[in-house]
Amino acid sequence: MKKLLLSVFIFIFFLFPKSSFAEVIHSFDTKITAHKNGLMDFTETINYDFEDLYRHGIFRNVPLYSSVENLYRITKIYNIKILRDGESESFKTTNDARQISLKIGDADKTITGSHTYTIFYTVENGIGSNFTDHDEIYWNTTGNEWEVDIEKATMQINTDFGINPTKLICFEGPSGSTDQACNVSQNSAKTSQVLYPGYGLTIVAVYPPKTFPESILSKDPPQTLSEKIFGLVLKYYYLVWLVLNIIFPAYLIFWYRKHKNKQRFGPPAVNFDIPNDSKGQRLAPALAGTIDTTRLERDDITATIFDLAIRKYIKIEGKKTTRTLLPDSSDQIILKLKNPDNKLLNFEKTLMDRLFKTGDSIKVSDLKTDFYTTFAKMEDQVFSTLVDKGYYTKNPKIQKQFLLVFSLISFFFGNIILSAVLFFLSLKLNGRTAKGDEADFKIDGLKLFLKSMDRNYKWQAEKFYTVEQMIPYAMALGYIDKFMSALKILKPDYKPDWYSGSGNFYTNYAVFSTIASSSFTTSAPSSSSGFSSGSSGGGGGGGGGGSW
């Protein structure tokens with residue numbers, strides 16, 4: 001057994017040699033030059049060995065603040081310059097309120113082996129000159145967040161006006177460690193051990209008081225933009241509440257009544273004409289139905305099929321099958337009369353492509369399994385057409401979802417009135433433009449005619465061709481039953497040439513509507529699935545880095 005375990009160990013050792021794992025920093029040397037004006041220039045020389053790995057370079061992160069008892073020293077870092085092996089190296093700087101990050105290297109190139117990176121930068125407000133009995137530079141020179149071992153780290157600190165520290169202390173080890181085993185001279189320090197990931201070298205250099213200008217301390221740590229906004233909201237909560245629950249909701253209601261409430265047009269007048277767009281072109285029934293309800297529905301699909309039949313692109317045929325032991329069954333068949341042409345809109349072509357993808361005829365009941373994919377495509381195309389015509393700015397689903405989300409957020413934060421107003425607007429607003437509102441108003445006039453068909457028999461008889469063209473609009477606008485009842489009185493023996501089948505047309509129409517309602521699926525079927533008290537890591541500086 002011992003021999004077996006030894007063999008496995010040797011196998012693993014040679015299969016995964018050390019060089020395939022390791023990256024290491026052979027040396028991390030920091031030089032600090034403190035100036036009389038309180039600025040500090042840093043030079044970090046990092047000998048980084050990628051060994052056998054191919055990397056783009058390294059990254060270096062440096063915090064921009066440190067704690068001073070219950071206050072905060074916020075620093076600035078600028079004048080950044082970076083060399084690799086003595087040559088200028090590219091880098092990208094990312095910083096927020098709390099940290100600056102340097103991504104060093106070229107994303108289009110990889111390097112391997114050992115390389116020396118030299119990082120130059122200037123720090124403002126990094127010196128602790130707020131004490132009565134001394135000034136100090138308390139700085140985490142390496143940072144405790146490196147992902148690799150640092151075999152050796154050194155630090156040297158000087159001033160440009162000939163003052164050396166009266167005392168120098170260093171700490172090494174993990175964050176919070178008070179281990180002072182590192183080697184210290186008058187103005188330099190060197191580690192006594194390898195700094196493993198999470199370890200770092202921190203120094204405290206003490207100077208006579210008033211050596212440097214007094215630094216600035218803040219009561220609060222640096223904040224991101226979102227944190228500042230949140231703080232202002234908390235500070236002025238009652239004013240925010242007043243604006244969000246009284247002033248803003250009142251403005252929204254006023255804006256809606258003035259700009260989007262259809263009552264501003266006055267009562268609609270009866271419209272006897274088929275809807276046209278601003279160019280005088282016929283507005284397809286599905287477009288009229290979508291303008292009216294702000295969504296594409298099954299009835300709009302049925303209306304498009306009847307419209308295509310009236311326009312002689314297809315023919316609808318009712319078929320009744322006699323069965324011996326079971327009740328007779330009815331189905332509806334759609335026959336292709338001619339191929340789609342440039343007179344058809346995109347969504348109409350999409351519908352015909354689906355109907356006749358396997359031949360020149362199809363049973364309506366055969367559409368049930370996958371029609372939802374066609375419906376989704378038609379929905380996008382319908383709203384794209386309405387946007388192109390200037391009736392909508394976008395698919396209203398987007399605006400409704402946006403308003404509903406903000407309504408829920410407002411409710412969660414206690415803005416009940418605003419939440420209710422946003423919910424109301426999510427039901428009323430739909431992305432429709434002023435031009436679209438005007439078209440909808442005219443469609444309301446057509447709806448008045450469609451639901452009062454029984455009062456206009458004389459006009460209908462004289463304009464029967466126009467009445468026939470309105471069948472798809474009655475379907476799309478939700479008045480087909482009332483329309484058909486009146487049409488049956490007007491012309492009980494109506495037998496259009498675009499519809500054939502045994503029995504009465506009005507009965508067959510009802511059968512078609514029933515079968516279409518269950519076959520035109522609009523969504524996919526559901527599925528399931530299972531200095532006095534310093535330590536390592538303290539003071540300014542810090543951070544860490546790694547490779548990328």
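We count residues from 1, following the sequence as given. The structure presented is a predicted model; accordingly, all values stated were derived computationally and were not measured.
- Expressed to the nearest 0.5 Å, how far OH of Tyr479 lies from NZ of Lys447 amounts to 5.0 Å.
- When side chains are defined from C-beta on, Phe520 counts as touching Ile305, because their heavy atoms get closer than 4.5 Å.
- Using a 4.5 Å heavy-atom threshold, the side chains of Thr374 and Leu355 count as separate.
- Side-chain contact between Gln381 and Leu345: absent, with no pair of heavy atoms (C-beta onward) separated by less than 4.5 Å.
- In terms of modelled atom types and a separation under 3.5 Å, the side chain of Thr350 and the main chain of Met378 share no donor-acceptor contact.
- Ring-centre distance between Phe383 and Tyr392: below the 6.0 Å cut-off.
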I would like to know whether Glu23 and Ile58 meet side-chain contact (heavy atoms from CB on, under 4.5 Å); could you show each step before the answer? CA-CA 11 Å; Glu23 292 176 79; Ile58 66 172; over 6 Å; no

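- Asn276 and Lys279 form no side-chain donor-acceptor contact under 3.5 Å, judged by distance and modelled atom types alone.
- Of the possible polar contacts, one joining the Ser419 side chain to the Ser407 backbone as a donor-acceptor pair under 3.5 Å is found.
- Phe306 approaches Pro472 most closely through the heavy-atom pair C-CG, 4.2 Å.
- Salt bridge annotation for Arg84-Asp106: absent, with no cationic side-chain nitrogen under 4.0 angstrom from a carboxylate oxygen.
- Classified by interplanar angle (parallel below 30°, tilted 30° to 60°, perpendicular above 60°), the ring pair Phe50/Tyr117 is perpendicular.
- Distance check, rounded to the nearest 0.5 Å: CG of Asp440 to OG1 of Thr290 gives 11.5 Å.
- Both tests hold for Lys435 against Tyr391: distance to the six-membered ring centre under 6.0 Å, angle to the ring axis within 45°.
- Interatomic distance, Ser519 OG to Lys363 NZ, rounded to the nearest 0.5 Å: 11.5 Å.
- Of the possible polar contacts, none joining the Thr93 side chain to the Leu102 backbone as a donor-acceptor pair under 3.5 Å is found.
- Within the 4.5 Å cutoff, the side chain of Leu351 has heavy atoms near those of the Leu308 side chain.
- More than 12 heavy atoms of other residues, nucleotides or ligands lie within 6.0 Å of NZ in Lys338, so this atom counts as buried by the packing criterion.
- More than 12 heavy atoms of other residues, nucleotides or ligands sit less than 6.0 Å from atom CZ of Phe424.
- Not a single donor-acceptor pair under 3.5 Å links the side chain of Asp299 to the backbone N or O of Ala476.
- Between the side chain of Tyr473 and the backbone N or O of Ile443, no donor-acceptor pair lies under 3.5 Å.
- What you find for Asn61 and Ser101 is that their closest heavy atoms are OD1-OG, 3.1 Å.
- Side-chain contact between Met484 and Ile471 is present, with heavy atoms from C-beta onward closer than 4.5 Å.
- The shortest side-chain heavy-atom distance between Pro275 and Lys442 does not fall under the 4.5 Å cut-off.
- Atom CD of Gln332 sits about 9.5 Å away from atom OG1 of Thr514, to the nearest 0.5 Å.
- Scanning both residues, Tyr494 and Pro496, for their nearest heavy atoms gives OH-CB, 3.5 Å.
- Classification of Arg295 and Asp300 as a salt-bridged pair fails, no side-chain N sitting under 4.0 Å from a carboxylate O.
- Counting heavy-atom neighbours within 6.0 Å of Lys312 NZ, excluding the residue itself, gives a total above 12.
- In terms of heavy-atom proximity, Ser361 sits nearest to Leu335 at CB-CD2, 3.5 Å.
- Remark: Tyr48 OH to Arg55 CZ distance equals 8.0 Å, nearest 0.5 Å.
- Scanning all heavy atoms of the two residues, the minimum distance from Phe59 to Trp146 falls at O-CH2, 3.9 Å.
- Of all the heavy atoms in Phe347 and Leu287, the pair that sits closest is CE2-CD2, 3.9 Å.
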Would Met470 and Leu446 count as a side-chain contact (heavy atoms from CB on, under 4.5 Å) if you check the C-alpha gap in whole Å, the side-chain angles of each, and the deciding distance to 0.1 Å? CA-CA 10 Å; Met470 286 187 178; Leu446 177 60; 4.0 Å; yes

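- Aromatic ring orientation, Trp498 versus Phe505: perpendicular (interplanar angle above 60°, classes split at 30° and 60°).
- Checking side-chain atoms of Thr112 against main-chain N and O of Glu51 turns up a donor-acceptor pair under 3.5 Å.
- Expressed to the nearest 0.5 Å, how far CG of Leu408 lies from CG of Leu403 amounts to 11.0 Å.
- Without hydrogens or angle criteria, His56 side chain to Lys109 main chain gives a donor-acceptor distance under 3.5 Å.
- Using a 4.0 Å cut-off between charged nitrogen and carboxylate oxygen, Asp380 and Lys377 do not count as a salt-bridge pair.
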If you apply the rule side-chain contact (heavy atoms from CB on, under 4.5 Å), what do you find for Phe356 with Asn339, and how did you get there? CA-CA 10 Å; Phe356 307 116; Asn339 292 323; over 6 Å; no

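- Proximity of the aromatic rings of Phe411 and Phe423 is defined here by a centroid distance below 6.0 angstrom, and this criterion is not met.
- Considering only heavy atoms from C-beta on, Glu348 comes within 4.5 Å of Arg311 through its side chain.
- Inspection of the Tyr313 and Asp341 side chains reveals an N or O donor paired with an N or O acceptor under 3.5 Å.
- You'll find the side chain of Ile80 reaches within 4.5 Å of the side chain of Ile100, heavy atoms only.
- Judged by distance alone, with hydrogens and angles left aside, the side-chain atoms of Arg432 form a donor-acceptor pair with the main-chain N or O of Ile291 at under 3.5 Å.
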Quick one: do Tyr72 and Ser67 satisfy side-chain contact (heavy atoms from CB on, under 4.5 Å)? Show the steps, please. CA-CA 5 Å; Tyr72 299 90; Ser67 299; 3.8 Å; yes

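- Within a 6.0 Å sphere centred on OH of Tyr196, heavy atoms belonging to other residues, nucleotides or ligands number 12 at most.
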